[in-house]
**Q** 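Take a look at this one; I'll ask things after.
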Amino acid sequence: MDLFYGLFTGIIFGFLLQRGRVLRYDKQLGALRLQDMTIIKFMLSAVMVGMVGIYLFHDLGMISKMDIKTASIGGNAIGGLIFGVGWALLGYCPGTQIGAIGEGRWDAIWGVLGMLAGGVVYAEAYPFLKKTVLTWGDFGKITLPQALGVNHWFVIPLFVVGGLLFFSYLERKGL
Amino acid sequence: MKEGKAWSPYLGGALTGVLGVMSVLLTDKFLGASTSFARSAGMIEQIFLPKHVAALDYFAKYTPKIDWQWMFLAGILFGSFFSAISSHSFRIQNPPDMWVSRFGPSKEKRAIFAFVGGCIALFGARLAGGCPSGHGLSGLMQLSVSGFIALACFFIGGMPVARLLYRGGR
């Protein structure tokens, strides 16, 4: 059943990504070159709606399982920087390249093959990374409100208002 | 036929937020993508080196198998295809326009950059523990510190490289 839900959720996600025109190389590089903020608008809108929904249903007891990943400077920051370099060269991220193939962008197939190779390489490097990089600056599974010692309903409205102000700035600048 | 009009990214994004919440609410699944590439790499490597794969720690942690997230990625392919066909925006294109304007129409050159980029990106995503879906969308929705650090670093890593690739160009 899990597999069916996965497929169904993916179909909707793929549809929304394609309609929002965020799958394309030009859009992804446009964001990294600060020329076209389409993917930033898409992502930030999703996050703003998502955080309100997730925490609302969590507080109502309807979402019990959260999936907070470990915050680690070594992992998140160094891994993130490496990802960024590869992302700029490829021009797609793992999810969007699959959608890009769906709308006829065949170059994304090379990205998929590259990522499979990357998976093989990472599995080899993992025992070493686990003992070194992944242990640097480990703060555990922590959220921003926990780190700041405040209630999440203090952070969420600030984030949403900040996001809306940022959107209005982008629209004024025509980005 | 003329390409159909795109939806506003604000609308597409907001609906994606709703989708992300519904997914957790109804099936306990947070959106993500990069783990499936690692699992798939294991599935393929298993065909040639079954003993080696069985001995690797990483594939013990992330069993090479088809799971919810793998099917989620397959769904993205179909969803995007359906949307592209129904909005007359399906177009066979390789390389992309912006790439051609800077590096010319060579498919081989683009293939090399895309392959190497994909390899580096997935390595980084697995080290970071997620990609723009897992950290960017799901991580930020939960206000996790890891999501904020990773997403910031995706851009800090990517922007100078994009700038370098397109220096002097438009």
Side-chain angles (χ1 to χ4, degrees), chain A residues 2-3 5-7 10-11 14-16 18-21 25-26 32 38 41-42 45-47 49-51 53-54 67-69 71 76 79-90 93-95 98-99 102-104 106-107 110-111 114-120 122-123 126 142-144, chain B residues 6-7 9-10 12-14 16-17 20-21 27 30 33-34 37-38 41 56 58 68 71-72 75-77 79-81 83-84 90-92 94 96 98 111 114-115 117-129 131-133 140-141 143-146 149-150 153-154 157-158 161-162:
Chain A
D2 259 8
L3 298 184
Y5 286 132
L7 184 70
I11 290 173
F15 187 92
L16 294 173
Q18 205 280 335
R19 280 295 149 101
R21 299 288 184 270
Y25 174 94
D26 293 14
L32 289 175
T38 307
K41 294 174 189 172
F42 189 98
S45 304
V47 166
V49 170
M51 64 175 58
I54 295 276
D67 182 26
I68 312 288
K69 296 173 195 236
N76 303 147
L81 292 172
I82 296 174
F83 174 86
V85 171
W87 181 26
L89 293 171
L90 169 58
C93 50
I98 300 288
E103 61 168 358
W106 290 160
D107 58 316
W110 291 104
M115 287 202 185
L116 293 173
V120 170
Y122 187 76
Y126 181 67
I142 190 171
T143 66
L144 192 61
Chain B
W7 286 5
Y10 299 121
T16 298
V21 175
T27 65
F30 283 92
S34 67
F37 287 92
L56 286 173
Y58 197 68
W68 179 92
M71 292 302 287
F72 172 71
I76 293 176
L77 181 73
S80 161
F81 178 72
S83 169
F90 183 89
R91 193 151 61 94
I92 301 284
N94 177 22
M98 190 190 281
F115 183 88
C119 189
I120 297 172
L122 197 88
F123 188 96
R126 289 330 303 154
L127 181 58
C131 61
S133 300
L140 258 57
M141 280 181 195
L143 298 168
S144 52
V145 172
S146 56
I149 302 175
C153 289
F154 294 162
V161 177

**Q** Starting at CG of Leu7(A), measure out to CG of Leu77(B) and round the result to the nearest 0.5 Å.
**A**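 So the CG of Leu7(A) and the CG of Leu77(B) are separated by 10.0 Å.
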**Q** Tell me whether Tyr10(B) at atom OH has more than 12 heavy atoms from other residues, nucleotides or ligands lying less than 6.0 Å away.
**A**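 Yes, the 6.0 Å shell around OH holds more than 12 heavy atoms from other groups.
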**Q** If you count heavy-atom pairs under 4.5 Å between each of Ser80(B), Gly75(B), Gly17(B) and chain A, which one has the most?
**A**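 Looking at each option in turn, the highest pair count goes to Ser80(B).
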**Q** Quick one, Leu16(A) and Trp7(B) - any side-chain contact, counting heavy atoms below 4.5 Å?
**A**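 Sidechains of Trp7(B) and Leu16(A): in contact.
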**Q** Looking only at heavy atoms, which two atoms of Met115(A) and Gly118(B) are closest? And how far apart?
**A**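 Nearest pair, atom of Met115(A) first, then Gly118(B): CG-O, 3.3 Å.
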**Q** Where does Tyr126(A) contact chain B at under 4.5 Å (heavy atoms): side chain, backbone, both or neither?
**A**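 Only the side chain of Tyr126(A) comes within 4.5 Å of chain B.
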**Q** Determine the option with the most heavy-atom pairs under 4.5 angstrom with chain A, choosing from Ala84(B), Gly117(B), Ala128(B).
**A**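 Highest number of pairs under 4.5 Å: Ala128(B).
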**Q** Could you please spell out the steps behind the side-chain contact (heavy atoms from CB on, under 4.5 Å) verdict for Val49(A) and Val21(B)?
**A** CA-CA 9 Å; Val49(A) 170; Val21(B) 175; 5.5 Å; no
**Q** Please flag which part of Arg19(A) lies under 4.5 Å from any non-hydrogen atom of chain B: side chain, backbone, both or neither.
**A**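 Both backbone and side chain.
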**Q** Return the minimal non-hydrogen interatomic distance between Ala114(B) and Trp110(A), and the atom names on each side.
**A**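 For Ala114(B) and Trp110(A), the tightest heavy-atom pair comes out as CB-CB, 3.8 Å.
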**Q** Mind checking the CZ-CG spacing from Phe115(B) to Leu116(A)? Nearest 0.5 Å is all I need.
**A**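 It is 8.5 Å, given to the nearest 0.5 Å.
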**Q** Can you find a heavy atom in the side chain of Cys153(B) that is under 4.5 Å from one in the side chain of Asn76(A)?
**A**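 No, their side chains stay 4.5 Å or more apart.
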**Q** Shorter than 4.5 Å, heavy atoms on both sides: which option in Ser133(B), Cys131(B), Gly157(B) has the most such pairs with chain A?
**A**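 It is Gly157(B).
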**Q** Whether the side chain of Asp26(A) engages the backbone of Met98(B) through a donor-acceptor N/O pair (distance < 3.5 Å, no angle test) should be reported.
**A**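 Such a contact is found between Asp26(A) side chain and Met98(B) backbone.
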**Q** What residue, out of Ala38(B), Gly129(B), Ala111(B), has the most heavy-atom pairs lying under 4.5 Å from chain A?
**A**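 When all of Ala38(B), Gly129(B), Ala111(B) are compared, Ala111(B) has the most.
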**Q** Evaluate the side-chain proximity of Pro94(A) to Ser34(B): yes if any heavy-atom separation is below 4.5 Å, no if none is.
**A**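 Ser34(B) reaches Pro94(A) side chain to side chain.
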**Q** For the side chain of Ser83(B) and the backbone of Gln18(A), is there at least one donor-acceptor N/O pair under 3.5 Å apart?
**A**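 Such a contact is absent between Ser83(B) side chain and Gln18(A) backbone.
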**Q** Looking at side-chain heavy atoms only, is the closest gap between Ile54(A) and Phe30(B) below 4.5 Å?
**A**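 When only atoms from C-beta onward are counted, Phe30(B) and Ile54(A) do touch, with a gap below 4.5 Å.
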**Q** Ala14(B) and Ser45(A): which non-hydrogen atoms are nearest, and at how many Å?
**A**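 Closest pair (atom of Ala14(B), atom of Ser45(A), distance): N-CB, 3.7 Å.
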**Q** Most heavy-atom pairs under 4.5 angstrom with chain B, which of Ile68(A), Ile98(A), Val120(A)?
**A**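 Counting heavy-atom pairs under 4.5 Å, the top option is Ile98(A).
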**Q** Return the option, out of Thr38(A), Leu90(A), Ile82(A), Leu144(A), with the maximum number of heavy-atom pairs under 4.5 Å with chain B.
**A**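 Max contact count across the listed options: Leu90(A).
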**Q** Do Phe37(B) and Tyr122(A) come close enough that some side-chain heavy atom pair is under 4.5 Å?
**A**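 No, their side chains stay 4.5 Å or more apart.
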**Q** Rounded to the nearest 0.5 Å, how far does CZ of Phe83(A) lie from CD1 of Ile120(B)?
**A**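 One gets 11.5 Å once the value is rounded to the nearest 0.5 Å.
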